[in-house]
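Here the structure is a predicted model, which is why all the values come from computation and not from measurement. Both ligands and their constituent atoms are indexed starting at 1 by order of listing.
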Amino acid sequence: MENLSPLPFVLLIFLLLNVTASVAAPTAESVYTSFLRCLTNNTKSQDHVSDIVFAQTNSTFSSVLQAYIRNARFNTTSTPKPLLIVTPFEESDVQGAVICAKSIGIQLKIRSGGHDFEGISYVSDQPFIIIDMFQFRNITVDVQNEVAVVQAGATLGEVYYRIWEKSKVHGFPAGVCPTVGVGGHLSGGGYGNMLRKHGLSVDNIVDAKIVDVKGRILDKKGMGEDLFWAIRGGGGASFGVILSFTVKLVQVPKVVTVYRVVKSLDKNENTTEFVLQWQQVAPHTDDRLFMRLLLQPVSSKVVKGQKTIRATVIALFLGGADEVVTLMGKEFPTLGLNKENCTEMSWIDSVLWWANFDNTTKPDALLDRNVNSASFLKRKSDYVQKPISKEGLEGIWKKMVEVGKTGFVFNPYGGKMSEVSSDATPFPHRAGNLFKIQYSVNWEEPGIELENNFTRQARMLYSYMTPFVSRNPRSAFLNYRDLDIGTNSFGNNSYEEGAVYGVKYFNDNFDRLVKIKTAVDPENFFRNEQSIPTHTGLNTTGASKSGASELSHFSLYWKLMVKVGGLLLLELFI
Ligand SMILES: Cc1cc2nc3c(=O)[nH]c(=O)nc-3n(C[C@H](O)[C@H](O)[C@H](O)COP(=O)(O)OP(=O)(O)OC[C@H]3O[C@@H](n4cnc5c(N)ncnc54)[C@H](O)[C@@H]3O)c2cc1C
Ligand SMILES: *[C@@H]1O[C@H](CO)[C@@H](O)[C@H](O)[C@H]1NC(C)=O
Ligand SMILES: *[C@@H]1O[C@H](CO)[C@@H](O)[C@H](O)[C@H]1NC(C)=O
Ligand SMILES: *[C@@H]1O[C@H](CO)[C@@H](O)[C@H](O)[C@H]1NC(C)=O
Ligand SMILES: *[C@@H]1O[C@H](CO)[C@@H](O)[C@H](O)[C@H]1NC(C)=O
Ligand SMILES: *[C@@H]1O[C@H](CO)[C@@H](O)[C@H](O)[C@H]1NC(C)=O
Ligand SMILES: *[C@@H]1O[C@H](CO)[C@@H](O)[C@H](O)[C@H]1NC(C)=O
Ligand SMILES: *[C@@H]1O[C@H](CO)[C@@H](O)[C@H](O)[C@H]1NC(C)=O
Ligand SMILES: *[C@@H]1O[C@H](CO)[C@@H](O)[C@H](O)[C@H]1NC(C)=O
Ligand SMILES: *[C@@H]1O[C@H](CO)[C@@H](O)[C@H](O)[C@H]1NC(C)=O
Ligand SMILES: *[C@@H]1O[C@H](CO)[C@@H](O)[C@H](O)[C@H]1NC(C)=O
């Protein structure tokens, strides 16, 4: 470092001065003014424009922003904030918002339910605005034809409730948490406890409505097979703003059965044997049965001051208790399932049970949008393709205790998941996968030190698991968003960069997604930290030539500031 030449330095400062001199950074106020003016000209209902655009200075800005933040990590004062939030009320508002964000040349983040684990629907390190779809929550259920039209900002709980209102023998296969949004969940794959019988949400989508980069509203016919394929698991945010999906309802029995069985390593309950047997049974058994396995490091009740591993099976059986007790007696003796351990109920009550409501809760609790506790979260994912051995599990138990708080959720595949081909949708993790692992750590206190501690824990466990999980690629689930596996960078977003995370999420389907992306959004307007890159790659301003320059210079200015700052610091220390 001692022979650091002053030349690049001078050059940088020259560049910096040059950029600073030629452009003033856009303020939130100027973006608000231009956006409002543009939107007034580009939506049908001009009179409500001032009611749906929230400036930073607006007294309700923070509460609108916070209403759909579901991870407290991205709810701090230092979290970058949007320059404005637009909350469309009708389709033409969405069209206008896309056209105007594009013409101003600002990054547009799209939010529906806000459950993204890395907050990328409402955070960015570049100047950005949010289009928040929470007012798009209409759900139209047609039992006769067994379909429903579901707007992007509806929650899964609302979807289940509206189906149940019309029919007690229909449901929809999607996630377990009722406040998750349709827009992100369905476009990201979307799985729940009926996946072994009915597949993913995306296996049950028959049409969609999207606003594309030109501000056009397209349905399946209008967008064509390719784009329709891409938004069923490839992540909507790389391609446009999804307005609604038309989904196929599935039939559910009048009576379903749930059970929860807990074993603990310190209690001599043959817990390791139990997990070994779970691996043999859960991915291969009757496809009406979904048995999630939770593995958590907990304080031992047997040896005070020590930690142990708790294994919990949580199950949904699409049938009666007698049948599943008989089945488990044959296939899974270490489960020790009796009829007393089972509860028979309606499908909608099983939705409430899975969401941990107590058994006096009525279905209208599913309409509550504010039930999530505001924990700090980190998630990661993996796929397991061959059973983990006894020795393997014993090593994992030791590591989990050593690492601290991070737990696992094993979600069994098989059944319908193995019948759908790996290129039928962008979601590629089909036959050959026994189960998906979610790495899960929650904590309750703010602070960067704690955050670093807990995210490091999750990464340590992830690293330890390498020999037990898929490789080449080491696969991951898009809806378990994890920025550790790669991100694109400003000014690049090349194919090579996108492939680092893209191949993990989409395996061999990545190239088709890139092709479609290049065709429908060649200038890469719809972009985020893990979006699908275009083939050409380097054009990331995302804006039309006319309006883009101001903001891209602004961002460049930031990068330079950071670089120069770093060099100055370096210089001070050498
Ligand atoms: C508590 C909790 C429980 C979960 N349980 C499950 C589960 O059981 N099964 C499962 O599969 N996943 C689950 N997830 C993950 C969840 O499915 C994903 O985070 C999903 O993307 C959330 O969708 P959203 O609309 O709520 O999120 P958002 O944060 O609003 O969006 C997520 C992503 O989708 C994009 N997006 C959102 N809306 C649109 C739109 N209208 N058009 C285009 N792009 C859009 C966003 O820009 C972002 O990239 C869970 C997450 C949490 C926090
Ligand atoms: C709005 O549109 C009208 C007619 O198309 C045009 O004359 C006017 O300049 C536009 N205003 C703005 C602010 O874009
Ligand atoms: C805040 O924004 C909303 C939506 O645009 C608007 O209706 C309201 O008048 C604004 N309030 C203030 C104090 O600016
Ligand atoms: C975000 O912070 C506000 C207070 O600043 C709090 O009221 C809200 O509950 C928090 N939400 C989440 C999800 O952390
Ligand atoms: C929802 O449905 C109502 C009643 O049909 C309609 O007035 C409203 O415009 C719809 N909202 C959206 C966002 O489509
Ligand atoms: C299952 O039921 C039996 C009684 O039939 C009981 O002894 C056992 O503890 C129950 N198991 C669980 C996990 O609840
Ligand atoms: C554990 O397994 C052993 C040997 O298979 C068996 O004898 C014992 O009863 C089991 N213990 C429990 C609690 O199931
Ligand atoms: C609800 O749960 C309580 C306590 O867990 C139990 O005593 C009661 O029998 C349950 N009621 C129903 C209707 O299942
Ligand atoms: C980090 O986590 C470990 C394990 O849970 C804990 O022992 C330690 O105190 C934590 N450190 C901080 C700074 O929180
Ligand atoms: C973009 O990223 C790729 C992959 O990391 C790298 O090879 C390439 O040099 C980068 N290009 C630019 C212009 O930064
Ligand atoms: C960037 O876009 C322009 C015009 O849209 C195109 O001419 C150029 O080839 C693109 N650059 C790259 C590296 O793809």
Side-chain angles (χ1 to χ4, degrees), residues 56 59-82 85 111 113-123 130 132 134 155 177 179-181 255-278 280 301-302 308-311 313-314 321 328-329 332-363 365 368-379 390 393-394 442-448 450-451 454:
Q56 274 186 350
S59 52
T60 52
F61 177 85
S62 287
S63 61
V64 173
L65 179 62
Q66 285 167 8
Y68 294 93
I69 290 180
R70 301 302 193 195
N71 186 345
R73 272 169 67 202
F74 308 107
N75 189 33
T76 68
T77 47
S78 59
T79 308
K81 303 290 186 287
I85 304 169
R111 183 163 77 171
H115 283 64
D116 192 284
F117 282 119
E118 299 278 17
I120 72 165
S121 54
Y122 55 89
V123 179
I130 295 176
D132 194 325
F134 72 88
T155 67
C177 168
T179 52
V180 166
V255 174
V256 305
T257 303
V258 299
Y259 55 84
R260 181 183 280 118
V261 172
V262 187
K263 310 269 181 198
S264 184
L265 197 60
D266 58 352
K267 281 194 194 152
N268 222 4
E269 294 177 314
N270 296 340
T271 304
T272 306
E273 201 60 40
F274 171 70
V275 175
L276 279 170
Q277 210 165 72
W278 177 90
Q280 301 298 333
K301 289 191 182 127
V302 179
T308 188
I309 299 298
R310 185 171 68 202
V313 161
I314 302 174
M328 291 296 92
F332 196 178
T334 59
L335 182 66
L337 190 72
N338 295 307
K339 188 136 188 223
E340 295 74 47
N341 307 131
C342 297
T343 314
E344 291 187 332
M345 55 180 69
S346 64
W347 178 76
I348 199 72
D349 282 340
S350 80
V351 170
L352 293 163
W353 185 89
W354 269 80
N356 291 321
F357 287 103
D358 77 47
N359 63 6
T360 59
T361 309
K362 296 278 170 287
D368 184 355
R369 287 176 170 241
N370 301 308
V371 290
N372 272 20
S373 60
S375 290
F376 296 77
L377 318 173
K378 175 65 189 171
R379 297 291 187 273
K390 184 162 185 284
L393 289 176
E394 283 165 351
N442 291 11
W443 64 100
E444 305 302 329
E445 301 291 328
I448 190 68
L450 269 185
E451 173 166 336
F454 287 119

**Q** Any protein heavy atom sitting closer than 4.0 Å to atom 4 (C) of ligand 7?
**A** no

**Q** Within a distance of under 4.0 Å, is there any protein heavy atom near atom 11 (N) of ligand 7?
**A** yes

**Q** Look up atom OH in Tyr259 and atom CD in Glu344, then write down how far apart they are to the nearest 0.5 Å.
**A** 13.0 Å

**Q** Do Ser63 and Thr60 pass the side-chain hydrogen bond (donor to acceptor under 3.5 Å, both in side chains) test, and can you show the C-alpha distance, the side-chain angles, and the key distance before you say yes or no?
**A** CA-CA 5 Å; Ser63 61; Thr60 52; 5.2 Å; no

**Q** For atom 9 (O) of ligand 8, which protein heavy atom lies nearest, and how many Å away is it?
**A** Asn359 ND2, 4.7 Å

**Q** Take atom 14 (O) of ligand 7 and look for protein heavy atoms under 4.0 Å from it; say yes if you find one, no if not.
**A** yes

**Q** Of all the non-hydrogen atoms in the protein, which one sits nearest to atom 1 (C) of ligand 7, and at what distance?
**A** Asn270 ND2, 1.4 Å

**Q** Do NZ/NE/NH1/NH2 and the carboxylate oxygens of Arg73 and Glu118 come within less than 4.0 Å?
**A** yes

**Q** Counting only heavy atoms closer than 4.0 Å, does ligand 7 sit against the backbone of Asn268, its side chain, both, or neither?
**A** backbone

**Q** Check whether any protein heavy atom sits under 4.0 Å from atom 7 (O) of ligand 8.
**A** no

**Q** Could you go through Thr272 and Glu394, starting from their C-alpha distance and side-chain angles, then the distance that decides it, and tell me whether this counts as side-chain hydrogen bond (donor to acceptor under 3.5 Å, both in side chains)?
**A** CA-CA 7 Å; Thr272 306; Glu394 283 165 351; 4.8 Å; no

**Q** On the 0 to 90° scale, with breaks at 30° and 60°, tag the Phe74-Tyr122 ring pair as parallel, tilted or perpendicular.
**A** perpendicular

**Q** Considering both backbone and side-chain atoms of Asn75, is one of its nitrogen or oxygen atoms within less than 3.5 Å of a nitrogen or oxygen in ligand 4?
**A** yes

**Q** Walk me through it: do Ile85 and Leu65 pass the test side-chain contact (heavy atoms from CB on, under 4.5 Å)?
**A** CA-CA 8 Å; Ile85 304 169; Leu65 179 62; 3.8 Å; yes

**Q** Taking only heavy atoms of Ala72, which atoms of ligand 4 are found under 4.0 Å from at least one of them?
**A** 14 (O)

**Q** With a cut-off of 4.0 Å, which atoms of ligand 4 are near a heavy atom of Ile69?
**A** 13 (C)

**Q** Test the Lys263-Phe274 pair against the cation-pi criterion, namely NZ or CZ under 6.0 angstrom from the six-membered ring centroid and within 45° of the ring axis.
**A** yes

